[in-house]
Amino acid sequence: MKSSLQFYGGMPLPVRVIAPSRLAALRERAGLSKAELARRVGVSTRMVFFYEKGRHTPTPQRLQKMAAALHCDVEELTGVRRGEEGLVDLRFAAGLTLDQAVELLRRTRVGRDLCLSAPRLSALEQGRPVLGRNWRDRDVVGRLPTALAKIYGVPVRMVVDAWMRTRPDESAPVHPRRQPQRGSSDSAEAAWRSLNERQQVYLGEILRDERMNFPRDAGHSLLTPRGRVLARVAVGSPAG
């Protein structure tokens, strides 16, 4: 049986496989022949046959084209439901190959600080240890979810959740926080410390999103009404 796996440094890259029976069912539901689906995806009819037999796996770009041709989401083809994605699922949903994601990340400061490469991103997506300069520095690694969210076109909180599902034995990647200003409320600091790590990550990302979308001035409160609701949800308190 042929395989479409690629390798870097002897290690297989993670690929998002499609369920052959699901692909065949979706194609029939869309009323497409193998030849027509092949034409829309840009492959041979024989390759579609291989996809439906589970002998090959489409690239991220072809997976996107296939979903568009079948009028479905990528998740329907892969069987991964929303809210259950790992890091590799987010990349595939963005239609990026490993090399393309690395190329985009290397344009960011955190990508350069971590010397990101295909083998390192592959290890991150597979839950394996990532070796290299700055990978033990939590402040540096904590900036990576923001960069991933930008190139994948998803909220940072979604990347953090996918990260924790992919690497459940590690602590959550936390974006480095600024030192509190003098005169900060002791009660606010106590409230922050009362949150668990994931709640702190969520609330931190909510605050950052709010600052990006609603710049604060002398007449505005720290959070918009939407932000206050999200903050209550993040810490598990009533939204009423």
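What you see below is based on every heavy atom in this structure, not just the backbone, and it leaves out hydrogens, waters and symmetry mates. Quantities reported herein were computed from a predicted structural model and do not represent experimental measurements.
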Indicate yes or no for a side-chain donor-acceptor contact from D89 to the backbone of G86 under 3.5 Å, with no hydrogens or angles considered.
-> yes
Working to the nearest 0.5 Å, report the span between CG of L121 and CZ of R106.
-> 12.0 Å
Mind checking side chain to side chain contact (heavy atoms under 4.5 Å, CB included) for T97 and listing every partner two or more places apart, or none if nothing turns up?
-> P60, Q61, D99, Q100
D73: what forms a salt bridge (charged side-chain N to carboxylate O under 4.0 Å, His left out) with it, not counting sequence neighbours?
-> R82
First locate atom CG of L90, then atom CH2 of W163, and finally report the distance between them rounded to the nearest 0.5 Å.
-> 12.0 Å
Residue set satisfying side chain to side chain contact (heavy atoms under 4.5 Å, CB included) with L26, at least two apart, ordered chain then number -> R22, R29, L70, C72, E76, L77
State which residues pass side chain to side chain donor-acceptor pair (under 3.5 Å) with R136; sequence neighbours excluded, sorted by chain then number.
-> none
Decide yes or no for L23 and L37: does some side-chain heavy atom of the first lie under 4.5 Å from some side-chain heavy atom of the second?
-> yes
Within-4.5 Å side-chain heavy-atom neighbours: P58 and M47 = no
What distance do I151 atom CD1 and L104 atom CG have between them, rounded to the nearest 0.5 Å?
-> 5.5 Å
Between L114 and L144, is any pair of side-chain heavy atoms under 4.5 Å apart?
-> yes
Using the test side chain to side chain contact (heavy atoms under 4.5 Å, CB included), find all partners of V130 that sit at least two apart in sequence or belong to another chain.
-> R120, A123, L124, W135, R167
Hey, does the side chain of R62 reach the backbone of V41 with a donor-acceptor pair shorter than 3.5 angstrom?
-> no
Considering residues at least two apart in sequence or located in another chain, which fulfil the side chain to side chain donor-acceptor pair (under 3.5 Å) criterion with S171?
-> R138
Donor-acceptor contact present, side-chain R91 to main-chain L96, <3.5 Å = yes
Heavy atoms of L98 and S122 approach each other most closely as CD2-CB, 3.9 Å
Kindly give the heavy-atom pair with the smallest separation between A35 and T45, and that separation in Å.
-> CA-OG1, 3.5 Å
Minimum-distance pair of heavy atoms, taken over all atoms of H56 and Y51 = O-CD2, 3.5 Å
Just grab all the salt bridge (Lys or Arg N to Asp or Glu O under 4.0 Å) pairs involving residues 31-51, residues at least two apart or on different chains.
-> K34-E52, E36-R39, E36-R40
Residue among V156, T108, V159 satisfying side chain to side chain contact (heavy atoms under 4.5 Å, CB included) with T146 = V156
Salt bridge (charged side-chain N to carboxylate O under 4.0 Å, His left out) filter on R133, not counting sequence neighbours, yields none
Results of side chain to side chain contact (heavy atoms under 4.5 Å, CB included) for R109 - residues two or more places apart only | R112, D113, R143
